[in-house]
Amino acid sequence: MRRRLFLTGACGAMVGLPLLESLVPRAARAQAQAPRRFIAFFECNGVNMQQFYPSTDYGSLTPESFAGRSLAPLTEYADKLLIPRGIHMTPRGFNRDPSEGDDHAKGMGHKLTAQPLVGSDAYASGISIDQEIANQLNGGRPALALVVGNRGGGVLGHISYTGSEQPVTGENNPWLAYRDLMGLGGLDDEARARLVARRESVLDLVGEEFQRLQSRDLSQSDRQKLDMHFSAIRDLETGMGDDGLVCELDPARAAEIEGIGPDITRDAEFKRVGRMQMDILAMAIACGATRAATLQWGSGAGGPTFTWDGMSHEYNHHKLSHGNTADDCSGGEVEGYEQMLADIDTWFAGEFKYLLDRLSAYEEGEGTVLDNSACVWMNELSDGKGHDYRDLPYVIAGSCGGYLRQGEYVKVTAEPDPLNDVDVPHNMLLTTLLNAVGATAPDGGPVTRFGHPEFGGDGEIEGIKA
Amino acid sequence: MLRAENGTRSARGKTRCRHVALAVAPMLAVACYEGSGGDGGGGDGTQPPDTPACADGVQPSPSPRVVRLTHTQYDNTIRDLLAIEIGSSASFIDDPQFAGFDNNAEALAVNDRLARDYQRAAEELAAMVVADPGPYDALVPCDPEADAEGCARTFVSAFLRRAFRRPPTDAERDQYLELWRTGPGLYDEGSTFAQGVRLVVEGALQSPNFLYRLELSDAVDAQGLVPLGGYELASRLSYMLWNSMPDEALLAAAEDGSLVDPTVLEDHARRLIADSRALDPIRDFHQQWLHMSRYDDLIKDPEQYPRFDPNFAQSMVSETQRFIEHVIFELDGDVRTLFTEPVTFVNQDVASMYGLDETYGGEFERIELDPTQRGGLLTQAGFLASHAYFDTSSPIHRGVFVQRQVLCADLPDPPANIDTELPPLEGEIETTRDQVEAHTAPPQCAACHNLINEPGFALETYDAVGAWRTEDNGFPIDASGEVVTPSGSFPFDGPIDFVTKLAENPDTQRCYLTQWFRYAYAREESADDACTLDALDETLVATDYNIQELMVALTQTLTFRHRKAEVAP
């Protein structure tokens with residue numbers, strides 16, 4: 001079955017939802033239960049905690065909740081948001097739990113894995129939930145991993161893992177990401193057949209070469225390298241068949257993406273690349289190419305210098321998070337950095353809204369793709385200046401097919417102050433999200449605990465479930 | 001393409017906001033040795049119990065047999081193999097840095113993303129080869145009109161010999177010949193012969209035989225070791241000394257068997273070092289060892305340092321790289337020269353940091369420096385400015401660098417979440433040195449800071465941008481003290497006395513060797529390598545640690561030419 005979706009008007013400045021031309025076959029719409037998805041919108045360097053959260057009490061979110069707050073751009077989504085307070089990272093930071101690397105490393109590597117970092121690279125020691133979901137629900141495809149900005153090497157550049165010390169580097173070039181997703185869709189039938197034939201001939205031959213090497217008496221680590229490469233080659237092959245999905249954007253938007261220059265990592269392109277990546281991500285989620293996707297904005301301890309949308313900062317996001325003119329805090333204080341951070345948070349809220357708009361633009365069943373997703377804005381840290389791992393900022397949009405509560409600001413910790421590391425480790429959120437999308441434990445029952453067995457806690461966060 | 005010139009990679013290795021000053025760290029502090037009187041350094045002549053006895057002879061170490069090309073090596077190899085220089089790896093996923101260097105074999109793997117990157121690059125490069133008569137004619141040295149099949153056979157054999165860095169087996173040649181036969185009709189342009197060539201190039205560039213240096217020899221010799229074959233040695237040598245594939249002379253020496261003779265290997269090593277291609281790994285090694293990526297993005301107090309500009313980063317890197325090249329090649333210098341030579345190379349950007357008022361242009365000019373103020377790497381602008389604060393020097397940053405990078409001291413990271421604020425300059429605290437001494441005086445700090453602070457104090461005569469000074473905050477600078485090294489200690493009086501004694505110190509020289517070992521062998525040293533390092537150290541002491549001789553000596557060890565018979569873990 002080949003499904004085609006066209007998304008149009010992606011760059012239009014119109015008010016409200018962009019125009020959507022949905023060509024989803026009737027059969028797909030008639031499915032009793034639409035597929036449920038997980039999306040991580042991942043930001044680094046923490047937030048200005050004083051201005052981030054709703055100003056109203058716990059309970060229903062209303063437009064007043066957002067007035068004058070960093071989340072203000074999300075006001076119109078008030079009834080589709082869930083904002084939990086009091087979740088702390090596990091393994092815990094500040095060296096409370098054993099894990100390699102510094103606070104930034106942990107903030108990146110722990111976030112989707114809930115596993116300690118190990119080895120001299122300080123990579124996470126287990127799979128992340130996006131890849132776990134993909135393993136169970138993606139029919140052989142890995143979860144989509146996209147990056148805006150530099151693809152940093154090392155633990156600071158990665159949030160997605162296929163296994164222990166197996167980080168997945170996200171694609172930061174929208175055109176390459178799009179080309180991968182649309183497969184060979186852009187070619188006419190004859191050109192497509194020739195390209196498939198060439199690639200098959202090459203991969204068949206190279207595959208045989210790998211198999212000959214694998215039959216040699218090699219050390220475990222040499223063998224692992226060959227196995228990993230060989231399996232990557234096999235993935236290339238499975239992506240080429242005629243039964244591959246075809247996902248396409250509106251041709252005008254596709255042409256813009258193709259025209260992206262080589263400067264994709266420059267700060268000046270941060271917003272433009274981000275929007276392209278969000279169009280691609282929403283398309284991939286909507287057309288069924290993946291049930292899980294991550295979008296990582298910048299890297300831990302990095303990030304752009306914001307000089308657009310009313311901001312004219314002189315220092316990059318990481319420096320501002322420390323209120324300092326140098327990345328290693330060896331500089332002077334940046335005057336007024338707190339407001340600059342709030343402005344950055346507000347800007348990210350606007351970009352999160354853009355993603356929600358894209359997801360809402362795809363109709364599905366009685367609702368939209370957003371309704372069948374858990375689209376989670378999460379952050380490496382809470383207070384960036386202190387590298388704090390407690391009271392992590394999460395904003396969850398979409399109920400994931402009715403699994404999660406909507407329109408609520410909810411304290412999930414039993415402690416009076418949400419800034420604690422007592423009772424709600426973040427692996428419980430990951431467990432909840434896994435069940436929300438329909439992943440299961442090996443026995444087919446619900447997942448009861450995700451992450452490392454010795455860190456974090458059992459079960460779901462009941463307070464966020466519908 | 002050098003890392004230094006690649007903006008997208010330069011951010012790596014930068015220090016994060018880790019807190020540098022130390023507070024309470026009783027558990028970590030024990031890792032910092034107590035000095036020459038302690039028992040950690042082996043300075044009293046007794047062997048620590050876990051050191052293998054070298055009297056039994058130097059043994060080779062287990063080493064990885066499947067070593068992926070680094071991105072730099074990929075680009076250089078494509079340049080030498082296809083005569084196409086486009087830096088394909090700029091769009092590859094970055095290589096990880098591991099144990100100090102980004103060429104560590106253990107960390108170089110190929111995941112889904114990189115396999116796609118390789119596929120794209122192979123398709124693009126193959127298209128370029130057949131579109132350009134220069135590279136194409138070099139690959140196809142025969143006339144396909146006369147005998148297409150015969151010419152294809154010639155092309156495949158010759159091309160695979162260079163792409164795989166060894167002759168193909170008959171079976172491999174036949175497989176690629178079959179690929180050549182498959183090509184025609186699969187492209188919308190080009191002659192049938194060229195279409196076959198294009199598909200062969202696409203295939204070979206995705207082959208594990210091209211993407212990895214494979215060391216598959218497994219015959220055990222009389223000593224129970226596995227000697228590497230000639231072609232394997234040719235690749236080890238060329239990737240170590242050129243970061244690229246073997247040239248025709250090396251392949252010929254592999255083919256006639258002469259390369260396994262250590263004297264022939266040595267001759268080739270010297271030949272490669274004398275070639276300009278040797279500059280690539282030499283620059284890459286020093287770039288990573290000296291953390292030159294830190295020179296980027298420095299911000300200095302404009303009130304105090306009005307002439308400093310963050311855009312000087314590339315000039316500061318070029319200055320130090322040009323100096324290193326001068327020491328190694330023009331002076332045929334030794335490790336001491338690196339740390340003491342009172343000469344540098346300046347252009348309009350960096351001249352002001354040496355107090356030079358003459359007008360300089362964009363080109364670098366060699367200048368003699370005041371030998372009472374400057375000598376070698378640790379007195380150059382880039383290092384000093386990148387290991388300093390916004391508005392003051394930083395003895396702690398400089399001291400940590402000296403201990404870790406120059407002396408190979410095993411210094412733990414500072415504990416997280418500690419107070420980094422130095423006490424204010426008031427009362428008895430008159431200088432930066434006073435601030436650091438007061439702040440790190442508590443015993444739990446002192447265990448490590450006894451090592452860290454002193455080398456930093458020696459460099460207090462250089463301000464936050466590396467300019468010479470005699471006063472700090474209006475008070476005279478005390479740049480004297482005593483440095484504890486991993487196996488001893490020495491007193492110093494002023495920066496020149498410090499760098500001179502540091503340069504002559506056996507720990508410094510051995511550390512420079514150890515860093516080269518890690519880079520050249522693309523792996524961390526193991527316990528088995530201690531005797532190899534001892535033997536190299538002994539050889540090099542006899543040459544006064546001449547750097548070219550050091551590079552040659554690394555090709556002459558048993559572990560360079562052999563591997564341990566048992567499979568590495």
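Side chains are part of it too, since the values below use all heavy atoms of this structure and drop only hydrogens, waters and symmetry mates. Predicted model, so just to flag it, every value in this text is computed and none were measured. Each chain gets a letter, A, B and so on, in the order its sequence line appears, and its residues count up from 1.
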### Query
Is B:Glu106 salt-bridged to B:Arg523, cutoff N-O under 4.0 Å?
no
### Message
Between B:Tyr389 and B:His397, is the ring pair (Phe, Tyr, Trp, His ring centres under 6.0 Å) condition met? List the steps.
### Response
CA-CA 9 Å; B:Tyr389 288 111; B:His397 283 92; 5.4 Å; yes
### Message
Please evaluate residues A:Asp222 and A:Arg216 with respect to the criterion salt bridge (charged side-chain N to carboxylate O under 4.0 Å, His left out), reporting the C-alpha separation (whole Å), side-chain torsions for both, the decisive distance (0.1 Å), and the verdict.
### Response
CA-CA 10 Å; A:Asp222 284 339; A:Arg216 304 289 297 236; over 6 Å; no
### Query
Which bit of B:Tyr187 is near chain A, if near means a heavy-atom gap under 4.5 Å: side chain, backbone, both or neither?
both
### Task
Would you mind checking which part of B:Asp218 comes under 4.5 Å of any heavy atom in chain A, side chain (CB onward), backbone (N, CA, C, O), both or neither?
side chain
### Task
Below 4.5 Å from any heavy atom of chain B, which atoms of A:Glu208 appear? Answer side chain, backbone, both or neither.
side chain
### Task
Return the option, out of A:Leu176, A:Thr162, A:Leu226, with the maximum number of heavy-atom pairs under 4.5 Å with chain B.
A:Leu176
### Query
Is chain A contacted by the side chain of B:Arg198, its backbone, both, or neither, given a heavy-atom distance below 4.5 Å?
neither
### Structural part of B:Glu123 lying under 4.5 Å from a heavy atom of chain A
side chain
### Query
Is A:Arg179 salt-bridged to A:Glu171, going by a charged N under 4.0 Å from an acidic O?
no
### Message
Taking A:Lys385 first and then A:Asp383, would you say they form a salt bridge - that is, a charged N and a carboxylate O separated by under 4.0 Å?
### Response
no
### Message
Salt bridge check, A:Arg194 against A:Glu190: does any charged N sit closer than 4.0 Å to a carboxylate O?
### Response
yes
#### Entry: Interchain contact, B:Ala388 with chain A, by part (heavy-atom threshold 4.5 Å)
backbone
### Which portion of B:Leu186 sits near chain A, non-hydrogen atoms under 4.5 angstrom
both
### Query
Among B:Val67, B:Asp391, B:Leu216, B:Thr182, which has the most heavy-atom pairs under 4.5 Å with chain A?
B:Leu216
### Task
Determine, stepwise, if the pair A:His104 / A:His318 fulfils ring pair (Phe, Tyr, Trp, His ring centres under 6.0 Å).
CA-CA 10 Å; A:His104 281 291; A:His318 178 248; 4.8 Å; yes
### Interchain contact, A:Phe230 with chain B, by part (heavy-atom threshold 4.5 Å)
neither
### Summary
Cut-off 4.5 Å, heavy atoms of chain B, and the answer for A:Arg212 is side chain
### Task
Using a cut-off of 6.0 Å, state whether more than 12 heavy atoms not belonging to A:Arg266 lie near its atom CZ.
no
